[in-house]
Amino acid sequence: MTEESAFEWPITIYYEDTDVGGIVYHANYLKFFERARTELFRSHDVSLQALFAQNVSFVVRHMDIDFLKGAKLDERLVVRTWPVKIRRASIVFCQVLVNNAGQTLCKAMVQVACVHPESMKPIQIPENIKSEISK
């Protein structure tokens with residue numbers, strides 16, 4: 001998967017997402033990105049709940065985020081998500097929140113680590129997930 005073939009997940013900005021000025025509260029961008037990554041996995045028939053039952057879990061290890069322009073109440077936007085690096089036990093995703101004019105409002109580089117849910121120690125990402133996510 002590349003930027004050109006990125007997974008796209010639409011969102012609408014609701015009142016609950018905003019501050020008193022009608023601008024998205026900064027922490028809510030993290031929620032939008034988290035949901036889009038989950039939907040990316042679902043789009044490849046990868047159930048995070050099923051993985052958890054197999055003692056495989058993903059946790060955010062590191063994130064760099066740039067807030068470029070505030071998203072506003074009632075806007076319809078798209079979160080674009082694609083992997084930029086897949087390693088033995090981690091994936092780095094690029095995620096951008098884009099408006100209808102094609103402007104990037106927020107951009108994040110998110111590293112997720114594959115861990116055993118009880119020990120929280122890194123484990124190898126199952127090969128089927130690596131191959132699905134890279135499509």
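Numbers here are sequence positions counted from 1.
- Closest heavy-atom contact between Ile123 and Asn55: CD1-O, 3.5 Å.
- Rounding to the nearest 0.5 angstrom, the gap separating the CD1 atom in Ile125 from the CD1 atom in Ile91 is 4.0 Å.
- Ser131 approaches Asn128 most closely through the heavy-atom pair OG-O, 3.0 Å.
- Here the closest non-hydrogen pair linking Arg80 and Glu4 is NH2-O, 4.2 Å.
- Phe7 and Ala36 get closest at one heavy-atom pair: CE2-O, 3.6 Å.
- Atom CD1 of Ile11 sits about 12.0 Å away from atom CD of Glu39, to the nearest 0.5 Å.
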Pairs under 3.5 angstrom only: tabulate donor-acceptor contacts from the side chains of residues 65-76 to other protein residues two or more places apart or in another chain.
unit_1 : atom_1 : unit_2 : atom_2 : d
Lys69  : NZ     : Gln103 : OE1    : 3.3
Glu75  : OE1    : Lys72  : N      : 2.6
Arg76  : NH1    : Thr12  : OG1    : 3.2

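- A salt bridge links Glu127 with Lys130: the closest approach of a Lys/Arg side-chain nitrogen to an acidic carboxylate oxygen falls below 4.0 angstrom.
- If you take CZ on Phe32 and CG on Asp17, they are separated by 4.0 Å, rounding to the nearest 0.5 Å.
- With values rounded to the nearest 0.5 angstrom, Arg35 atom CZ is found 11.0 Å from Arg42 atom CZ.
- Of all heavy-atom pairs between Glu16 and Asn28, the closest is O-ND2, 4.1 Å.
- Nearest approach of Ala50 to Ser47, heavy atoms of both residues: N-OG, 3.0 Å.
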